Amino acid sequence: MEARPRLRVGILGLGPRWPRYRRALLALRPPLEVRAVCDPVVRRATDESRRLGCAVAEGPTELLEREDLDAVLVLGRAWWRLWPVERAVAAGKPVFCAGSLAQEDRADALLSLVRERKGAVTMAPSPALALLLEHLQGLLAGQLGPGRAVRIDWPARLEKALPLLQGCGALFGGPPTAVRALGAEELPGFASVVLEFGPGRVAQLTLGTKGSARRIEVVAERGRAVAEWPRRLAWRDNEGRHVLALPQVGERRLLERFAKALRQGAPWSDLEKGHAALTWLRAARASLAEGRRVEVG
């Protein structure tokens, strides 16, 4: 199948991550072309439209109804949350969304709509973390062998841990069978979450307050890997010790993959995986509230 020469996109929301996404978009021109931008702060949208040489849409509806867009990039949440994603799927437009499903009461409805319309929605709440997890998956698929245990220390509340939960599923190659979570009234925001992936396979997340380390340790059949996010990944295998400096190009890598898939006529969508991780997060909430182990169907 012949690839499209370019992909025309509209930008919805210019949030805190916009400078990184702008650099990624500029690096991908062509084949990726921004045709319109929209933001609740009109002045900000106007300034960016001049910088990018594109139109300004007065609101989300106007942007989503443009006929010259091949896809929509939802990069800021503002008041609209997942509503534009649903509208784009209903209109047959693929979506790249920098938001998270964790606090969205429309997540189930969005999944149903995507299944009904065979829509393409790529969720990218943490591009740099996604890139790190890809490196770890590659090690487990190669020299380290299958994972046996994962330990994650991260300065985030449970509601912000959805990408980490999804990452655990990716590292073990499937969903957990049960979830257990513990908290402490004396330490608001602290939580310990254990995901059971079957006999001899477990992941533990220790979630804390701002300022604590971001660390992922994976024990595998033939070695061990330790990531100190976002800069360094080290691992030991049969050949010795290795160290990799992690590139800070997560936004560009994900957008490049999204654009390539669309240009080749095979939209890249991972909403199903994100929603699966949401069910594990819900199980952790229930375990934390009820003080019991929760099985995952």
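Scope of the values below: all heavy atoms of this structure, side chains included, with no hydrogens, waters or symmetry mates. Model, not experiment: these values are computed from the prediction.
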Novice: Is it the case that over 12 heavy atoms from other parts of the model lie below 6.0 angstrom from the CZ atom of Arg35?
Specialist: yes
Novice: Mind checking whether Cys54 and Val37 have side chains closer than 4.5 Å, heavy atoms only?
Specialist: yes
Novice: Angle class for the Phe96/Tyr21 ring planes (parallel below 30°, perpendicular above 60°, tilted otherwise)?
Specialist: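 Plane angle over 60°, so perpendicular.
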Novice: Test Arg6 against Arg263 for side-chain contact (heavy atoms from CB on, under 4.5 Å), laying out the working first.
Specialist: CA-CA 7 Å; Arg6 62 179 179 174; Arg263 292 175 61 234; 6.0 Å; no
Novice: Do Gln137 and Leu171 have side-chain heavy atoms sitting under 4.5 Å apart?
Specialist: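 With C-beta onward as the side chain, the pair touches.
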Novice: Could you tell me whether the side chain of Asn238 reaches within less than 4.5 Å of the side chain of Gln143, counting heavy atoms only?
Specialist: no
Novice: Between Arg157 and Glu159 (salt bridge meaning N to carboxylate O under 4.0 Å), is one present in this structure?
Specialist: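 No, this pair does not count.
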Novice: Quick one, His135 with Leu233, criterion side-chain contact (heavy atoms from CB on, under 4.5 Å). Give me CA distance, side-chain angles, the key distance, then yes/no.
Specialist: CA-CA 9 Å; His135 283 298; Leu233 172 62; 3.8 Å; yes
Novice: For residues Phe197 and Val150, determine if any side-chain heavy atom of one lies less than 4.5 Å from a side-chain heavy atom of the other.
Specialist: no
Novice: If we only count heavy atoms from C-beta on, is the Leu75 to Leu14 side-chain gap below 4.5 Å?
Specialist: no
Novice: Testing the basics here: between Gly223 and Leu144, what is the closest heavy-atom pair and its distance to 0.1 Å?
Specialist: CA-CD2, 3.8 Å
Novice: Taking it one step at a time, do Glu86 and Arg117 satisfy salt bridge (Lys or Arg N to Asp or Glu O under 4.0 Å)?
Specialist: CA-CA 11 Å; Glu86 293 184 69; Arg117 300 294 183 92; over 6 Å; no
Novice: Would you mind telling me which of Arg20, Arg22, Arg23 makes a side chain to side chain donor-acceptor pair (under 3.5 Å) with Glu251?
Specialist: Arg20
Novice: Do Phe190 and Leu182 sit in the same hydrophobic cluster, where Ile, Leu, Val, Met, Phe, Trp and Tyr count as joined when their side-chain heavy atoms come under 4.5 Å apart?
Specialist: no
Novice: Should we say atom CD of Glu295 is surrounded by more than 12 heavy atoms from elsewhere, each under 6.0 Å from it?
Specialist: no
Novice: Rounded to the nearest 0.5 Å, how far apart are CG of Leu244 and CH2 of Trp235?
Specialist: 5.0 Å
Novice: With heavy-atom distances below 4.5 Å as the criterion, would you say the side chains of Leu25 and Leu73 are in contact?
Specialist: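 Counting from C-beta outward, Leu25 and Leu73 do come under 4.5 Å.
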Novice: Would the number of heavy atoms belonging to other residues, nucleotides or ligands and lying under 6.0 Å from CZ of Arg148 be above 12?
Specialist: yes
Novice: For Glu239, does the CD atom sit with more than 12 other heavy atoms under 6.0 Å from it, leaving out its own atoms?
Specialist: no
Novice: So, Arg215 and Glu217, do they make that salt bridge, N to O below 4.0 Å?
Specialist: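 Looking at Glu217 together with Arg215, the answer is yes, because their closest N to O distance falls below 4.0 Å.
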Novice: Please say yes or no: joined through hydrophobic side-chain contacts below 4.5 Å, possibly via intermediate residues, are Trp83 and Leu69 part of one cluster?
Specialist: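 In one cluster with Trp83: Leu69, yes.
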Novice: Under a 4.0 Å threshold between the charged nitrogen and the carboxylate oxygen, would Asp47 count as salt-bridged to Arg50?
Specialist: yes
Novice: With side chains defined as the heavy atoms from C-beta onward, is the minimum distance between Leu158 and Leu281 less than 4.5 Å?
Specialist: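 Contact flag for Leu158/Leu281 side chains = yes.
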Novice: Search all heavy atoms of Cys168 against all heavy atoms of Leu195 and return the closest pair with its distance.
Specialist: CB-CD1, 3.8 Å
Novice: Quick one, Glu65 with Arg87, criterion side-chain contact (heavy atoms from CB on, under 4.5 Å). Give me CA distance, side-chain angles, the key distance, then yes/no.
Specialist: CA-CA 9 Å; Glu65 290 179 350; Arg87 286 289 301 272; 3.8 Å; yes
Novice: One thing to verify: whether Arg8 and Asp70 come together as a salt bridge, which I'm taking to mean a side-chain N less than 4.0 angstrom from a carboxylate O.
Specialist: yes
Novice: To the nearest 0.5 Å, what is the distance between CG (Leu129) and CG (Leu164)?
Specialist: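 Atom-to-atom, Leu129:CG and Leu164:CG are 5.5 Å apart.
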Novice: Between Arg43 and Glu48, does at least one N-O distance fall below 4.0 Å, as a salt bridge requires?
Specialist: no
Novice: Can you tell me how far CH2 of Trp229 sits from CG of Leu132, rounded to the nearest 0.5 angstrom?
Specialist: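 Spacing of CG (Leu132) from CH2 (Trp229) equals 8.5 Å.
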Novice: Out of curiosity, does Leu64 fall in the hydrophobic cluster containing Val42 (side-chain heavy atoms, cut-off under 4.5 Å, transitive links)?
Specialist: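 Val42 does not cluster with Leu64.
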Novice: Taking Asp108 first and then Arg106, would you say they form a salt bridge - that is, a charged N and a carboxylate O separated by under 4.0 Å?
Specialist: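 No, this pair does not count.
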Novice: What's the verdict on side-chain contact (heavy atoms from CB on, under 4.5 Å) for Leu278 and Leu165, showing C-alpha distance, side-chain angles and the deciding distance?
Specialist: CA-CA 8 Å; Leu278 179 59; Leu165 297 176; over 6 Å; no
Novice: Would you say that Val226 contacts Ile216 through its side chain, given a criterion of any heavy-atom pair below 4.5 Å between the two side chains?
Specialist: no
Novice: Minimum heavy-atom separation for Ala234 and Arg241, please, with both atom names.
Specialist: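 Smallest heavy-atom distance, with atoms named: CB-NH2, 4.0 Å.
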Novice: I'd like to know if Arg201 and Glu196 make a salt bridge, using a cut-off of under 4.0 Å between side-chain N and carboxylate O.
Specialist: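 Answer for the salt bridge query: no.
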Novice: Please confirm whether the backbone N or O of Thr206 pairs with a side-chain atom of Ser192, one donor and one acceptor, at under 3.5 Å?
Specialist: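 Answer holds: no.
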Novice: Distance check, rounded to the nearest 0.5 Å: Gln264 atom CD versus Lys260 atom NZ?
Specialist: 5.5 Å
Novice: With distance as the sole test, does Asp153 use its side chain to make a donor-acceptor pair with the main-chain N or O of Leu207 at under 3.5 Å?
Specialist: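 No, Asp153 side chain to Leu207 backbone: no donor-acceptor pair under 3.5 Å.
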Novice: What are the two closest non-hydrogen atoms of Gln166 and Gly274, and how far apart are they?
Specialist: OE1-CA, 3.5 Å
Novice: If you compare all heavy atoms of Ser287 against all heavy atoms of Arg292, which two are closest, and at what distance to 0.1 Å?
Specialist: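 Result for this residue pair: OG-O, 2.6 Å.
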Novice: Please round to the nearest 0.5 Å and tell me the distance separating atom NZ of Lys273 and atom CG of Leu101.
Specialist: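 Reported to 0.5 Å precision, the distance equals 14.0 Å.
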Novice: Using the rule that two of Ile, Leu, Val, Met, Phe, Trp, Tyr join whenever any of their side-chain heavy atoms come within less than 4.5 Å, decide whether Val296 and Leu111 are in one cluster.
Specialist: yes
Novice: So, are Arg44 and Asp39 salt-bridged, with charged N and O less than 4.0 Å apart?
Specialist: yes
Novice: Closest heavy-atom contact between Ser100 and Pro125?
Specialist: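 The pair with the smallest heavy-atom distance is CB-CB, 4.2 Å.
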